[in-house]
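Report on one structure; see the data block that follows.
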Amino acid sequence: MTVSQGAGALDTPSAQTLGGALTYTTSDPSLKAGGRVGQTFGSYNAFRTFGRVDSGVLNSTGTRFYAAYARTDQDMWKGFGDQQEQQANFKLVQPVGDRGKITAIFDYSNFAQYNYMGLTKNIWQKMGRNATYLKPNYALSKQYAGYAQNGGVPSNLEGILSNDEIGDYAYDGTQTQRNYLSAITGEFQIFPNVTSKTIAYAHVSSGDYSGSNPFLVSPTSGVPMALETGHPDVQRIGFTQNFSIHTHGNDIQTGIWYENDAFNYPMRMYEDGVDAAHNSKSDFKASQAATWYSDSFNTNTFQFYLQDTYHIIPGMTVSAGFKSMLQDTHGGTKLDNSAKYSNWGTYYSHPADGSMTAADAFLPHFNFDYHFQRHHEVYFDIAENMRAYDYGQQSSSGTVWGGLGSAANSAQSVFNSNKNTLRPERTWNYVVGYRYNSKMLTASADFYHTDYYNRLATVTSGSTGNTYGAVANVGRETMNGADVMAAIRPVHGLEISNSFSWNNAVYEGSIPDGGSMLSLKGKHQVYYPKFMYKANLTYTWHRAMFNFNATYTSRRAMTYTNDQYIPSYWTSNLNGSYNFGKVGFAQNIKTTFGITNLFNKNYIGGVYGAASVSGDDNANLYVAAPRMFFGSVSAQF
């Protein structure tokens, strides 16, 4: 794993990054034939099996490969169902003399899972952490759907939940996804001081994202709900070409990235029966469904970068460079049958179609780094970044194509208006830091400042009685922050570390709200904690290891007006392991044991979806899992 210093990850092939980047590289096949196996067991019938076989060197040219497989299965910790995943990985390395190597990979994954229901803050507080989908109680699901469509709440929930929150309860929600990724990489030293790295890749993904919709009607059975399933199909193909040139005191890096992305998303409806719902994980025959709408997008992305790192004196470097980026996306609604299927109770589905382009020829990056007196390092970093426009299916929020307009003010008219006024989000990032590293102490401190421009937000706009969804430029946002970390190693095998982060991200502009402009000046960024603290203790004694860590996350604003907050929380984990070494033909036989959420804290761990302007009527909060236990045994041979 490599981490970019600062926010200028010029060589990262991404059009969505406004900051730094993490890059992961898989291990190459072993030179010696062998393998690895591992088995994990845990709470809620958790079960994970892993195996990998390495061929070792097969011939005089050095050909070698590995093949790996993993299966993971665990019951839901609340509600009905389980989550399963299968994964297979293959990697082949073919050396080409002493000039380089060719690497080929093929990766496959398939997961099928029941989902956890998104909650409002009120549902979580009043109904508890175990509030989730109603499956397998089909009768209660139909009853709740009736209230959702006709108003009111069950008598036992009066004064506890609102009618909107009754509508948040559904029978179930599931998703399946299949991914196939293949790539060929060529790494060669084409001249004594010039190396080349070329990657060509292709990715195919398909899935079924299902959820019971209590605002539809199954026309044949008359049940006041139906299964709504999106069937996304993604095809990506692209390549990167990078060169590294070493000359005198300069390390020059340059490269290009191109990708074409095709995205299709038909949304279909399947009838629920009188006595049972449609299977939400299978039986998705288009001939037995009604296609509500269908979306299609095509995106072309091009990026070029150039960077030079100059070694001024030993330990002191200065880097300067830039990247150019162009992304053009065209598409949107290709089919809308809302009127045709009115007997299903279809409602406004926000159809919009058109193109959006994000482009900038010069996004600079500058970095200075100085290692001095063996243990010390200082650095500063300046970078400008741009984020291209996100896209997704038309009824979702958070993109310039999704969730726009209303029946009285069409999504297409809102999109056309946005096209003339919206600009891509961009940032200027400034970082200055210091690090110290010795045998007994590692410490670091940094301060950063970020200026956001053209901050985009999904909002409700329009005058009273004619409100509609829109994407608005809420103006500037400023962020100031600091990170401090220290790790001490007072005795052999013991390390105690503490880190503290402070971040003050506030909006500077205004947001449309019901036909007027609402000032956000001084309001904190949604979903972003202001303080985080982490303590970590690790002790290694011979072949045994013990670890305890605790993390504090401060409260997070969940609305743009900051009138509602997600509470702060502490969470802790405990881990231990013992390596038995070589036993017979097996090596590194290792056992591990872990406890997550050690003190069984009840807290909101995740958020998914766009934030509201104000109020607590947004079911996009997810409760973290309770305390769980895991144990595993692994070995190499």
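The first residue of the sequence shown is numbered 1, and numbering continues consecutively from there.
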Would you verify whether the NZ or CZ of Arg556 falls within 45 degrees of the ring axis of Tyr527 while also being under 6.0 Å from that six-membered ring's centre? no
Pairing residues for [X] by the ring-ring contact (aromatic ring centres under 6.0 Å, His included) criterion, not counting sequence neighbours:
| X | result |
| --- | --- |
| Tyr452 | none |
| Trp257 | none |
| Tyr552 | Trp570 |
| Tyr347 | Trp292 |

Taking the six-membered ring for Trp, are Phe322 and Phe362 parallel (under 30°), tilted (30 to 60°) or perpendicular (over 60°)? tilted
Donor-acceptor contact present, side-chain Gln235 to main-chain His203, <3.5 Å: no
Non-neighbouring partners of [X] that pass salt bridge (Lys or Arg N to Asp or Glu O under 4.0 Å), sequence neighbours left out:
| X | answer |
| --- | --- |
| Arg476 | Asp451 |
| Lys521 | Glu508 |
| Asp261 | none |

Are Tyr258 and Phe302 close enough, and set up right, to give a ring pair (Phe, Tyr, Trp, His ring centres under 6.0 Å), and what steps lead you there? CA-CA 5 Å; Tyr258 170 76; Phe302 177 81; 7.5 Å; no
Going by side chain to side chain contact (heavy atoms under 4.5 Å, CB included), name the residues that satisfy it together with Pro351, two or more places apart in sequence or in a different chain. Thr333, Asp336, Tyr348, Ser349, Gln394
For Ala352, give me all partners under side chain to side chain contact (heavy atoms under 4.5 Å, CB included), at least two apart in sequence or on another chain. Ala411, Gln412, Phe415
Using atom types as modelled, flag every donor-acceptor pair under 3.5 Å from a side chain in residues 395-405 to any protein atom, sequence neighbours excluded.
{"residue": "Ser395", "atom": "OG", "partner": "Tyr293", "partner atom": "OH", "Å": "2.9"}
{"residue": "Ser395", "atom": "OG", "partner": "Gln393", "partner atom": "OE1", "Å": "2.8"}
{"residue": "Ser395", "atom": "OG", "partner": "Gln393", "partner atom": "NE2", "Å": "3.2"}
{"residue": "Ser396", "atom": "OG", "partner": "Gln393", "partner atom": "O", "Å": "2.7"}
{"residue": "Thr399", "atom": "OG1", "partner": "Trp401", "partner atom": "N", "Å": "3.3"}
{"residue": "Thr399", "atom": "OG1", "partner": "Gly402", "partner atom": "N", "Å": "3.0"}
{"residue": "Trp401", "atom": "NE1", "partner": "Gly331", "partner atom": "O", "Å": "3.2"}
{"residue": "Trp401", "atom": "NE1", "partner": "Gly354", "partner atom": "O", "Å": "3.1"}

Test: salt bridge (charged side-chain N to carboxylate O under 4.0 Å, His left out). Region: residues 346-366. Which pairs qualify, not counting sequence neighbours? Lys334-Asp353, Asp360-Arg426
The complete set of salt bridge (charged side-chain N to carboxylate O under 4.0 Å, His left out) pairs with one or both residues in residues 161-172, sequence neighbours excluded, reads Lys135-Asp172
Is it the case that the ring center of Phe297 lies less than 6.0 angstrom away from the ring center of Tyr391? yes
